[in-house]
Every structure is written in C-alpha cells, then in structure tokens.
S.K.: 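I have a structure here, written as structure tokens, and I will follow up with some questions on it.
Reminder, nothing fancy here: chain letters follow the sequence lines and each chain counts from 1.
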There are 2 protein chains.
Amino acid sequence: MATININGNIQEASCDQELAAIKDSLEILGGKWKLRIMRHLNNHVGEKNTFKKLQREIEGISAKMLSKELQDLEMNLLVSRTVMDTRPVTVNYSITDYGLSVFPVTETLVQWGLNHRQKIKA
Amino acid sequence: MATININGNIQEASCDQELAAIKDSLEILGGKWKLRIMRHLNNHVGEKNTFKKLQREIEGISAKMLSKELQDLEMNLLVSRTVMDTRPVTVNYSITDYGLSVFPVTETLVQWGLNHRQKIKA
DNA sequence: CGGAATCCGGCCCGATACTG
DNA sequence: CAGTATCGGGCCGGATTCCG
C-alpha cells in the first residue's frame, strides 16, 4: 500500500501518521499547566508533593485546573497519585520514570525557542 | 543574582526562561495548521506553491486560516512569500532555509508521540 | 487570484462556591 | 485536605461574504 511512489504519495501517507503522533505529543506538552506541573514535580522529587503544596507552589493555578491536569497526566502514566492514610487524608503526587521521558523532548523545544528568539529580534 | 541556592531558587528562576522558550516554540508548532503547511511546502519544494494550490492540496483548510497562518509563518521567517507579476497576480510560497530547522524538533515530537501511543495502549 | 471582514460555535481556562 | 460544580470570558478556528 505504501509502494506507490509516483507523486510523493508515500510522504503524504506517512505524513498523516506523523501528524497524529505530533498531535499526541502536543496534547500533553501544549496546555498551559501540564509542563509546569511536570517540571515542578521533577524539581521537588523526594518531597511530599500534596495537592495543597502543589497549588501553593505552582503560581497562579486554580484547584480546578490542578485537579484536571493531574488526572490527565496520571491517565497518561506520566504522574503517579498516592493516597496517604493520614487524618485528614493527603494525596501525594510524583513524576513517574516514564514521565521523565518528556524532558529530552522539552529540551529541544527550549533550545529551538531560545534560538528563535535570537533569530527574530535580529 | 542567580547565586542564591538555598531553596532551589535557581532552578525556579531558569525555569521561567525555559518555559517562555517552550511557549515560543509551541506557538509555532502548536496550532492546527502551521506544521501541516510547513511539511507540505517541504514536500513540494521546487514547485510553484501558489495560494490556491496550497488550499487545494492541504485538505480542509479555509482561505482565512491559510492566509493567517502563512502571514504568521512569514513574520517568523519560516516561510517566504513572492508575488509573481502574472495576470492576474499569483503568489508563491516556499519554506526558508531557517524554516527547515523546525523539522529536527518535530521529529522528536513524532518519536515521542509514537512511543507514547504504544505505551498507552499497552 | 489572493486575500480581508464578519459572524459564530466550541473549548480552554479562570473565579467562585460548595462537598466529603 | 482534596477535590467537584457552575458560570462565564477569551481565543482558536470554521463558514460565508466581499474586495482589488
């Protein structure tokens, strides 16, 4: 099916798959808060990152957004959620090993973004 | 100014710059059409990529969005615009050398996205 | 042909109030 | 403490129409 090469049809076909993959990536990297949360968790690994602590330390985030974004990240296996049986209950969030895999990707975004800012202002 | 290291303040400070750089990158990679346009232009380099040809070949895009996105890309030096003095006038778009620099970045997004899809469905 | 102008719906996100 | 419910604004993007 991918053998017809007459007019560059192969590139167009694979292009769709690649665009879908990019979309998947951007859905996680693209929001306003997901990367902030991931980076914060990574900078505070080893601490008890409770919901309230995160809300205090991640400047400007509302409880609603923090809750929603943490659920998204957990569904994507990037963040783990642990209910501690304290009184009253606290919940501890931490980045997963798999979650660390986003940082090489974000690093390329950082480098390109920095370079682009130079390019544009020149 | 970045020497105060008591509570991890350095990471937080540089974090802001990096998040700004990421935001810059995502503003270009993030929209619905910019990457499709860039990739299409790259797959059809050497052809006369007129506005109408792009609108025909980039499936689903409206004139309004194509116009707007091309302007954005041109302002960011990623795409060049050439008015041909035909009658009636046609305009030719092509990707710039600098524009090619986005593809290494998108490639990391493709790889992570493909891997993530595997990870999630497992 | 290559746009610009306008209207409009959906969704992301913030503010506020409430629950177990 | 750890969320959920509700309301609403803003912006992205689609459909349509008009201009040089």
S.K.: Does dC1(C) have its OP1 or OP2 closer than 4.0 Å to a side-chain nitrogen or oxygen of Tyr93(B)?
M.R.: no
S.K.: So what does Gly60(A) touch, heavy atoms closer than 4.0 Å: a base, only the sugar-phosphate, or nothing?
M.R.: nothing
S.K.: Among dG3(C), dG3(D), dC1(D), which nucleotide sits nearest the side chain of Arg81(B)?
M.R.: dG3(C)
S.K.: When you measure from the side chain of Ser25(B) to the backbone of Ala21(B), do you find a donor-acceptor pair of N or O atoms at a distance under 3.5 Å?
M.R.: yes
S.K.: If every non-hydrogen atom of Asp24(B) is compared with every non-hydrogen atom of Gly113(A), which pair is closest and at what distance?
M.R.: OD2-O, 4.3 Å
S.K.: In this structure, how many angstroms lie between the P atom of dT16(D) and the CG atom of Leu66(B), rounded?
M.R.: 18 Å
S.K.: Could you check how far NZ of Lys68(B) sits from P of dT6(C), rounded to whole Å?
M.R.: 17 Å
S.K.: Of the nucleotides dT4(D), dC1(D), dG2(C), which one has an atom closest to the side chain of Ser67(A)?
M.R.: dT4(D)
S.K.: Taking atom C1' of dG20(D) as reference, at what distance in whole Å does atom CZ of Arg87(B) sit?
M.R.: 12 Å
S.K.: For the pair Asn115(A) (side chain) and Gln111(A) (backbone), establish whether a donor and an acceptor sit closer than 3.5 Å, ignoring hydrogens and angles.
M.R.: no
S.K.: Given atom CD of Glu59(A) and atom C1' of dG14(C), what is their separation to the nearest angstrom?
M.R.: 15 Å
S.K.: Find the bend of the helix from dC1(C)-dG20(D) to dG20(C)-dC1(D) as the angle between its two terminal axes (five pairs each), to the nearest 10°.
M.R.: 30°
S.K.: Could you tell me whether a side-chain N or O of Thr108(A) sits under 3.5 Å from a main-chain N or O of Val105(A), the two making a donor and an acceptor?
M.R.: yes
S.K.: Keeping Asn92(B) on the side-chain end and Asn49(B) on the backbone end, is there a donor-acceptor pair under 3.5 Å?
M.R.: yes
S.K.: Determine yes or no for a side-chain-to-main-chain donor-acceptor pair under 3.5 angstrom, with Ser101(A) supplying the side chain and Asp97(A) the backbone.
M.R.: no
S.K.: Val83(B) and Arg81(B): which non-hydrogen atoms are nearest, and at how many Å?
M.R.: CG2-NH2, 3.6 Å
S.K.: Using whole Å, what does the distance between atom C1' of nucleotide dG3(D) and atom CD1 of Ile61(A) come to?
M.R.: 13 Å
S.K.: Return the polar atom pairs (N/O with N/O) between nucleotides 16-20 of chain C and the protein under 3.5 Å, or none.
M.R.:
none

S.K.: Side chain of Lys52(B) only, please: which of dA2(D), dG3(C), dC1(C) is the nearest?
M.R.: dC1(C)
S.K.: Using 30° and 60° as the class limits, which term best fits the ring planes of Trp112(A) and Tyr98(B): parallel, tilted or perpendicular?
M.R.: parallel
S.K.: Measuring to OP1 and OP2 of dC1(C), would you say a side-chain N or O of Thr86(B) lies under 4.0 angstrom away?
M.R.: no
S.K.: Please confirm whether the shortest side-chain N or O distance from Gln71(B) to OP1 or OP2 of dA4(C) is below 4.0 Å.
M.R.: yes
S.K.: Rounded to the Å, how far apart are Met84(B) CE and dG2(C) C1'?
M.R.: 14 Å
S.K.: Does any non-hydrogen side-chain atom of Arg36(B) lie less than 4.5 Å from one of Glu69(B)?
M.R.: no
S.K.: dC12(C) phosphate, OP1 or OP2: any side-chain N/O from Trp33(A) under 4.0 angstrom?
M.R.: no
S.K.: What is the distance from NZ of Lys32(A) to C1' of dG9(D), rounded to the nearest Å?
M.R.: 13 Å
S.K.: Any side-chain to backbone donor/acceptor pair from Ser80(A) onto Thr96(A)? Under 3.5 Å, distance only.
M.R.: no
S.K.: Give the rounded distance in Å between these two atoms: CE of Met65(B) and P of dC7(C).
M.R.: 19 Å
